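First up is the structure itself, then whatever we jot down about it.
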Amino acid sequence: MLKHCGEFHIALKHLQLALLYTYPSTFSELQVKFQIAHLYETQNKHKAAKDGYEFLLKEKNISLELKADVYRQLGWMYHCVECLGEKKERETYALNFLQKSIEADPKSGQSLYLLGRCYAGINKVHDAFLAYRNSVEKSEGNADTWCSIGVLYQQQNQPTDALQAYICAVQLDKDHKAAWTNLGILYESCGQLRDAYACYLNATKQISFQKTSSLFRRKQVIRMKKDSIGLSKGLTQRIKFLEVQLSQAPLPSITSKRRTLCSIEEAWNLPISLEMNSRQQQTAQMLPRQMAKQSPVQGPPPPYPHSQLSQSPIPAKRIKEDGQQELVQHNNQTATQLHPNLMNISETLSQRNLIAMPGESKKISEQSVVDTFDDISNDIYKQNETIKLERLSQDAISNNLNEDSKHNEFNGGGSDASSDLTTTSFKIQMDSKQLMASVKLLPIDEPPVHFTILQVNAPPPSPPDCPPQKLTRDQLLPPTPSVHLENKKNAFSPQLQEFCLKHPIAVVRGLAGALKLDLGLFSTKTLVEANPEHSVEVRTQVHQSPDENWDTSQGKRVWACISHRSHTTIAKYAQYQASSFQDSLKLVLPQDESDKGFQGSQAMSDSDSKDSVSNSTNIVLKRKKNKINSKMLRFGTNVDLSDERKWKPQLTELQKLPAFARVISAANMLSHVGHVILGMNTVQLYMKVPGSRTPGHQENNNFCSININIGPGDCEWFAVPDAYWGGVHNLCEKNNISYLHGSWWPVLEDLYKENIPVYRFIQKPGDLVWVNAGCVHWVQSVGWCNNIAWNVGPLTARQYSLAIERYEWNKVQAFKSIVPMVHLSWNLARNIKVSDTKLFELIKMCLLQTLKNVLHIQEYVKSKGVEIRFNGRGKNEASHYCGQCEVEVFNVLFVKEQEKRHVVHCLSCALKLSPSLQGIVCLEEYRLSELQHVYDSFSLHRTQGLAYTQ
């Protein structure tokens, strides 16, 4: 009682006295210690709470029920509390602890519910649905679960199912304010203002009338006063606005537009099970059927163990981030004109009744809703007083929801998807003058720091679920698409490009012979003669067989692929490569000098040879190497061949390739970047000894890549189709490795268990490997060889779409996109004519979003009294990235001198340095007239016949 009254010091004193009590009592010693840990958590003393919970888990005689409670509290703390580590790491711990809580108490509906909340927070919708479904099965009448299910349905743009879930919530708990508020948001997004008005009234009517005991009454009055401040500026103000709109609206008639959803009265009496059975998607179809059968929708909820306790207070900052994750995504799916405050309120309300502790009443759970408003109302609403409800934009919603989140968190593509203003104004059909006029109507009291180049209403990028089809063992080991070229005509046929574009990965065999390529120009011998002092990046790795990856210290298979970086020269690495080969001969020769020695020397006669290592030699070498534990090797990587003065013969030779595979080509997007991106629109060379590994990855920004084996040895490739990259990502997370930042070598059996197919093949000298957009791959050399590689970007809608999706996902993951997709898109608009309708729409949308953002930023900067100076761009000048968060900065640069260097910043990071932008120089790269001309001139090029769409 004292704890929930806020008398924490006295409560702690009594609990500590209880520990000294030696007579039989209701609570055991461990239960009292659990209450003390929870008391610390309630006070936001998270370190002390975490230590207390972890101490309890070390106790041998802890009961399963208490262990489940401890794991649940720890799990939700890691989900909510920022100071416990990086977000991705915290989410991993949260999921792990909640799953352990469920293992300790499989009947815990509350733990399952919180697990669903965690999955929803990281956009794993399928897993979230399953957890919610299991929660309802274990604890039938939980309104919070139904409310969260409604949020998920709303995010998936399924308003009818969302309506039914919210109705279940409010029928179980008629005072469930989060459900009523979300239901109002849903109705308003569908244009049903009368029903939205009724829901908002229900959300507010109980706020000022709480049934509390006399012990809480005095504090309750204070909380209600603070709470009314927040609500009066949120829901109450929205209600007044709807009252005005409804008073001016015409009476409904039989000619009125048909409603999207049934009215609140009809929905209340709707037979839920029948409605839910009409679902299209298999997973969600299972969910409502089971829940509708087990969950009575009339009357009070049945007893719900471990669910009647209020959650410990969550800091306001964390609350708004959780609200952002669920509700910003929803706004991308529905064209709502709601005030941003409503978004924060609705999600925050449902957050409050989460953590369960045994033995407390529902009244306290209701009380905690008021505590939530007390925590956040002043912070949320005072920043938005000047925003007019009659003219809301999605920019305003996004900015307020994201005000406390990191700059690079994704804003869901919703900057044009919410209000009536934006949905009717910002379309690719408008010209630049209309765009400018619409931007001037946007509010400038908040900085436009978040924007996306994805399409309106596009879902936020996230790792996709793997295809559901169950594969046989043969299908998990598919044959690799390959074609053998006989002559130059085959190489230049359009069918070859079509063949490459329709497969995740393809091997073009015999290419060097068909085109008479002189691969000797890329041999180690020639490289040493040309530029012996040229730099080579070296990766020191453990030598292992291609299908294994062992942690020698622990003696088990792992995903982490360890390597150490250093640098040397071509001449020095050539010496190492040659000595490595000589050492291998010493191992082979003693067994059978005449026979084996001849085979080995024939295969490795000189670095110009195109012969691969024979199978028999490979077997002998592998046996010998396996006897040498933890043998280290050095892999020479990222040798830059971009300088035409140094490498003219080599680069000229590559002009013999067909146009779609060339480094520079008009049909290659990367040739339009306008500056060098090392290794992407330039050639890089790799110098290898047996066992050299290129760890698993997708190409930068999902562009295609070309790889040619120079020889003399082979390389072994592994590849996973792009449709399964989400499954590989999940396995990386499971193994505590960052998919983007980490270095990993997949364990093949792990992939097969997850129903993920793997291509596996040998690349011989002269073979070209085409890696299509998004394909996951990893490579290991079998023999001594060199390889050359670069990226290409076919002018297809699929390639462009995958590139911009990865560009946006990289922002979420704080990973730099080395292809500046905004800069590239504007250059494409200047340089090419597009006849593919889909590709045109994607590029035009990027131009629209960026021009809108540039105009909005300029309006905001001018409102701060800061002068924007024209700077222009130099020839071949590289694109600019923020010196702090490494996002691309286009056109409007915020420059500040730091350590005698002028550093470019994005608007968000500039405001962190100087909220008034004083002391920061604002530069403009392009004049607005030029951008307007490019935007207006870029139009769909009509050709005779049908345009080809990839």
Side-chain angles (χ1 to χ4, degrees), residues 335 337 386-388 390-399 411 413-457 804 821-830 834 840-873 880 888-894 906-908 910-911 917 922-940:
Q337 55 179 356
T386 59
I387 299 177
K388 294 183 179 179
E390 294 82 355
R391 185 177 288 169
L392 290 172
S393 69
Q394 177 65 20
D395 283 341
I397 292 174
S398 302
N399 291 338
N411 187 23
S415 58
D416 299 320
S418 181
S419 69
D420 287 344
L421 174 67
T422 52
T423 52
T424 56
S425 297
F426 296 113
K427 299 178 181 178
I428 60 174
Q429 289 77 16
M430 68 197 308
D431 61 29
S432 60
K433 290 183 179 178
Q434 294 171 318
L435 178 60
M436 290 184 71
S438 297
V439 170
K440 288 185 181 297
L441 298 175
L442 296 176
I444 56 173
D445 51 341
E446 290 291 336
V449 293
H450 298 282
F451 89 106
T452 174
I453 60 175
L454 296 178
Q455 296 187 71
V456 173
N457 292 331
I804 59 175
M821 289 306 300
V822 173
H823 176 81
L824 172 59
S825 299
W826 282 90
N827 279 351
L828 289 174
R830 291 184 182 94
V834 178
F840 166 77
E841 290 174 350
L842 289 168
I843 297 176
K844 189 76 172 183
M845 177 56 66
C846 178
L847 303 185
L848 171 83
Q849 297 277 45
T850 50
L851 182 55
K852 167 179 169 279
N853 192 58
V854 165
L855 293 168
H856 201 179
I857 287 176
Q858 291 188 345
E859 291 293 322
Y860 176 79
V861 170
K862 290 174 184 176
S863 73
K864 291 285 187 181
V866 176
E867 178 187 1
I868 302 175
R869 304 177 189 174
F870 179 74
N871 185 62
R873 281 183 62 84
H880 294 285
E888 181 187 2
V889 184
F890 178 74
N891 194 44
V892 185
L893 314 178
F894 297 90
C906 64
L907 176 57
S908 177
L911 288 170
L917 295 180
C922 184
L923 301 179
E924 184 181 45
E925 291 185 291
Y926 304 98
R927 297 197 185 277
L928 277 181
S929 57
E930 179 185 350
L931 295 180
Q932 288 178 272
H933 174 72
V934 174
Y935 177 82
D936 291 333
S937 301
F938 184 62
S939 57
L940 184 63

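Quantities reported herein were computed from a predicted structural model and do not represent experimental measurements.
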If I take atom CD from residue Glu930 and atom CG from residue Asn891, how far apart are they, to the nearest 0.5 angstrom?
9.0 Å
Listed partners of Asn853 passing side chain to side chain contact (heavy atoms under 4.5 Å, CB included), at least two apart
Pro448, Phe451, Ile857
Could you tell me whether a side-chain N or O of Gln434 sits under 3.5 Å from a main-chain N or O of Asp431, the two making a donor and an acceptor?
yes
Going by side-chain hydrogen bond (donor to acceptor under 3.5 Å, both in side chains), name the residues that satisfy it together with Lys862, two or more places apart in sequence or in a different chain.
none
Between the CZ atom in Arg873 and the CG atom in Leu923, the distance rounded to the nearest 0.5 Å is 12.5 Å
Supply the atom-to-atom distance Met430 CE to Met436 CE, rounded to the nearest 0.5 angstrom.
11.5 Å
Straight-line distance of Lys427 NZ to Leu848 CG, nearest 0.5 Å:
11.5 Å
Please indicate whether Arg830 has more than 12 foreign heavy atoms, meaning atoms of other residues, nucleotides or ligands, lying under 6.0 Å from its CZ.
yes
Taking Thr850 for the side chain and Leu847 for the main chain, is one N or O donor matched with an acceptor at less than 3.5 Å?
yes
To the nearest 0.5 Å, what is the distance between CD1 (Ile843) and CD1 (Ile428)?
11.0 Å
Please answer whether the main-chain N or O of Pro443 pairs with a side-chain N or O of His856 as donor and acceptor at a distance below 3.5 Å.
yes
Working to the nearest 0.5 Å, report the span between CD of Glu888 and NE2 of His880.
10.5 Å
